[in-house]
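Working notes for the structure below.
Note that ligands are numbered from 1 as they come in the structure, with each ligand's atoms numbered from 1 the same way. Because the structure is predicted, anything quoted here is derived from the model rather than measured.
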Amino acid sequence: MTQDIETAEDIEVLVDVFYSKVMQSNSLEPFFKDLNWDAHLPRMKKFWRFILLDEAGYTENVTRKHLHMSLSKELFTDWLILFHKTVDELYSGPRASLAKTRATLIGLGIQSKMNLLED
Ligand code: HEM
């Protein structure tokens, strides 16, 4: 039985494992290959500590960060399947569920803003 997400260290592991999987995904890797990881990973960890551990201080508009990217419904599906898979491999419990729900809802919000949800 796996444990739930409880600490900042648990989030470190979640984010590190997720992005290592992203870099092995043919469809997602191109969006991340030129990223400054020293900046991106700490930002993602701060974001997930804000969502899951109620840590104050994350103020970015996540949707806006994605609007300039050339994304599709299929890419969001790939991202979300990989994220859910990563969470399920590592954790189970209320916060693990919350992580998957929030990622799904944020993904839908971005897609809606990009008009990707029609047809
Ligand atoms: C097709 C799917 C997605 C792709 C290809 C993608 C790609 C990216 C990239 C390349 C960045 C870095 C932007 C930069 O710093 O210039 C980023 C940032 C970010 N993404 Fe996504 N993303 C996707 C979906 C999602 C989803 C579903 C979530 C929901 C949790 C999410 C949450 C974030 C957050 C929190 C940041 C950091 C914003 C910041 O504080 O700088 N992304 N994404």
#### Entry: Within-2.8 Å protein N/O/S contacts of atom 21 (Fe) of ligand 1
His66 NE2

### Message
Under 3.5 Å between any N/O of Arg43 and any N/O of ligand 1: does that happen in this structure?
### Response
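By distance alone, the answer is yes.
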
### Heavy-atom gap Met69 to ligand 1 smaller than 4.0 Å
yes

Out of all atoms in ligand 1, which are within 4.0 Å of some heavy atom of [X]? Include the element for each.
{"X": "Trp48", "answer": "30 (C)"}
{"X": "Gly107", "answer": "27 (C)"}
{"X": "Leu75", "answer": "1 (C)"}
{"X": "Ala103", "answer": "27 (C)"}

Taking [atom] as the reference point, the nearest protein heavy atom with its distance:
{"atom": "atom 36 (C) of ligand 1", "value": "Met44 SD, 3.3 Å"}
{"atom": "atom 18 (C) of ligand 1", "value": "His40 CE1, 3.6 Å"}
{"atom": "atom 29 (C) of ligand 1", "value": "Ile106 CG2, 3.5 Å"}
{"atom": "atom 10 (C) of ligand 1", "value": "Phe31 O, 3.4 Å"}
{"atom": "atom 5 (C) of ligand 1", "value": "Leu71 CD2, 3.6 Å"}
{"atom": "atom 7 (C) of ligand 1", "value": "Phe32 CZ, 3.2 Å"}
{"atom": "atom 14 (C) of ligand 1", "value": "Leu35 CD1, 4.2 Å"}

### Message
Does Asp54 form a salt bridge (charged side-chain N to carboxylate O under 4.0 Å, His left out) with Arg49? I'd like the steps, not just the answer.
### Response
CA-CA 6 Å; Asp54 293 325; Arg49 291 198 305 271; over 6 Å; no

Does the [X] side chain pair with the main chain of [Y], one donor and one acceptor, at a distance under 3.5 Å?
{"X": "Ser97", "Y": "Gly93", "value": "yes"}
{"X": "Asp4", "Y": "Glu6", "value": "no"}
{"X": "Ser27", "Y": "Leu75", "value": "no"}

#### Entry: Candidate with minimal heavy-atom separation from atom 40 (O) of ligand 1, of Phe47, Phe83, Tyr58, Phe76
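It is Tyr58 that holds the nearest heavy atom.
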
### Query
In the single-linkage hydrophobic clustering (I, L, V, M, F, W, Y; side-chain heavy atoms under 4.5 Å), do Val62 and Val22 co-cluster?
yes

### Task
Tell me, please, which residues at least two apart from Phe76 pass ring-ring contact (aromatic ring centres under 6.0 Å, His included).
none

### Query
So, for Lys73 and Glu118, which heavy atoms are closest and what is the spacing to 0.1 Å?
NZ-O, 4.0 Å

### Under the side-chain hydrogen bond (donor to acceptor under 3.5 Å, both in side chains) test, residues paired with Tyr91 that sit two or more places apart
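Here no residue qualifies.
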
#### Entry: Which residues share a side-chain hydrogen bond (donor to acceptor under 3.5 Å, both in side chains) with Lys21, sequence neighbours left out
Glu89

### Side-chain heavy atoms of Asp10 within contact of Gln3, under 4.5 Å
yes

### Task
Assert yes or no for the condition that the ring centre distance of Phe32 to Trp79 is strictly below 6.0 Å.
no

### Query
Should the pair Phe50 and Tyr58 be assigned to parallel (<30°), tilted (30 to 60°) or perpendicular (>60°) ring geometry?
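Tilted, since the angle between the ring planes falls between 30° and 60°.
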
### Query
Above 12 or not: heavy atoms from other molecules or residues under 6.0 Å from CG of Asn26?
no

